[in-house]
Amino acid sequence: MASSKVVLIDFDNTLFFTEKSIRLAAKEVLGKGLSGPTVRKLDKNIKHRIYELAHSKYYDSAEINDAMVFRLSKRQDYRVVVLTARHSTVQSYTIRSLKNSNIRYDRLLSRNGKAKEMQDEDWKLEVVKRYAKRYDIIEFYDDKPENAAIVKNAGLGAHVSVFRVARNKISRL
């Protein structure tokens, strides 16, 4: 184990704000820009078309979360693992976003195989559980209250800290 400390950080709307990318893709697909929460409620096929377009064609419209970048800069002795539910077809764009923004990370984890069928919060909880067995200190960052809550309430131990990210505000739960 190279480091006994790890940051597990969500990509969309935690490390990068992707609302603009989603709005632009929705406008192209549906003729009108829609918010992320509205897109999440759409038919699965339309929603996936919008997400794939947002994360490929409009990937460079995402804005970096400066508060998270600052926080990561203070975690030089931590491994950094970026988590994303994005499909593997857009992984190269996700990597480009990280590299173009000079984000230091050690690993990018995305859902694949059977994990694609899991709910986002369940998949992230499984990831945190795996890391909790191998690391002394874990910091988990996510923008979705349900993702943060399920990890916080899982009883993984005092060595797992959970943070909710709401734009530039980072709060420990």
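Rounded to the nearest 0.5 Å, atoms OG (S161) and CG (L173) are 10.0 Å apart. With rounding to the nearest 0.5 Å, the separation of CG in L83 from CG in D12 is 11.0 Å. We find the CG-CZ distance between L125 and R130 to be 10.5 Å, quoted to the nearest 0.5 Å. Taking NZ of K32 as the start and NZ of K27 as the end, the distance is 11.0 Å to the nearest 0.5 Å. Taken from OG in S61 to CD in E19, the straight-line distance is 12.0 Å, to the nearest 0.5 Å.
The heavy-atom pair separating Y135 from S4 by the smallest distance is CD2-C, 3.6 Å. The shortest non-hydrogen separation linking I22 to I50 is O-CG2, 4.0 Å. Contact record, A132 with I138: CA-CD1, 3.5 Å, taken as the closest heavy-atom pair. Contact record, D143 with N13: CB-O, 3.1 Å, taken as the closest heavy-atom pair. Taking all atoms of both residues into account, the shortest heavy-atom contact from N65 to T14 is ND2-O, 2.9 Å.
With F11 as the partner, the ring pair (Phe, Tyr, Trp, His ring centres under 6.0 Å) test is satisfied by one option alone out of Y105, Y93, F17, F16: F16. Put simply, the residue from V162, L156, D10 that forms a side-chain contact (heavy atoms from CB on, under 4.5 Å) with F140 is V162.
Here the side chains of V160 and K152 are not in contact, with every heavy-atom distance at 4.5 Å or above. I64 places a side-chain heavy atom less than 4.5 Å from the side chain of D66. Two residues are said to be in side-chain contact when any heavy atoms from C-beta on lie closer than 4.5 Å; T84 and L109 fail this criterion. Between R79 and V7 there is no side-chain heavy-atom pair separated by less than 4.5 Å. Put simply, the side chain of V151 does not reach to within 4.5 Å of the side chain of L8, judged on heavy atoms. Side chains of I103 and V69 form a contact here, defined as non-hydrogen atoms less than 4.5 Å apart. The closest side-chain heavy-atom distance from H55 to T94 is not below 4.5 Å.
Side-chain atoms of S110 and R86 form no donor-acceptor pair, as typed in the model, at a separation below 3.5 Å. The closest side-chain donor-acceptor pair between R71 and Y141 falls under 3.5 angstrom. With no hydrogens or angles considered, no side-chain donor-acceptor pair links S21 and T18 at under 3.5 Å.
Note on I46: it clusters hydrophobically with V39, by side-chain heavy-atom contacts below 4.5 Å among ILVMFWY residues. Under a hydrophobic-cluster definition in which Ile, Leu, Val, Met, Phe, Trp and Tyr are linked whenever side-chain heavy atoms come within less than 4.5 Å, directly or via other members, I95 and V90 are assigned to different clusters. In the hydrophobic clustering of this structure, Y59 does not group with L53; members are Ile, Leu, Val, Met, Phe, Trp, Tyr whose side-chain heavy atoms approach within less than 4.5 Å, directly or through other members.
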*side chain to side chain contact (heavy atoms under 4.5 Å, CB included) assessment of V81 paired with V6*: CA-CA 7 Å; V81 178; V6 65; 3.8 Å; yes
_side chain to side chain contact (heavy atoms under 4.5 Å, CB included) for L15 and L72? Distances and angles first, verdict last._
CA-CA 10 Å; L15 187 54; L72 289 175; 4.0 Å; yes
*Would T38 and S35 satisfy side chain to side chain donor-acceptor pair (under 3.5 Å), going step by step from the backbone distance to the final call?*
CA-CA 5 Å; T38 303; S35 69; 2.9 Å; yes
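Taking the charged nitrogens against the carboxylate oxygens, R164 and D142 have no contact shorter than 4.0 Å, which rules out a salt bridge. Under a 4.0 Å N-O distance rule, the pair K129/E126 qualifies as a salt bridge. Between E28 and R23 no salt bridge is recorded (no basic side-chain N to carboxylate O distance below 4.0 Å). Salt bridge absent: D136 and K5 never bring a charged side-chain N and a carboxylate O closer than 4.0 Å.
Taking the side-chain hydrogen bond (donor to acceptor under 3.5 Å, both in side chains) definition, one finds that R75 meets it with E139, sequence neighbours left out.
The aromatic rings of Y51 and H48 stand perpendicular to each other, their planes meeting at an angle above 60°, with 30° marking the opposite boundary.
Other residues, nucleotides and ligands place no more than 12 heavy atoms under 6.0 Å from the CZ atom of R107.
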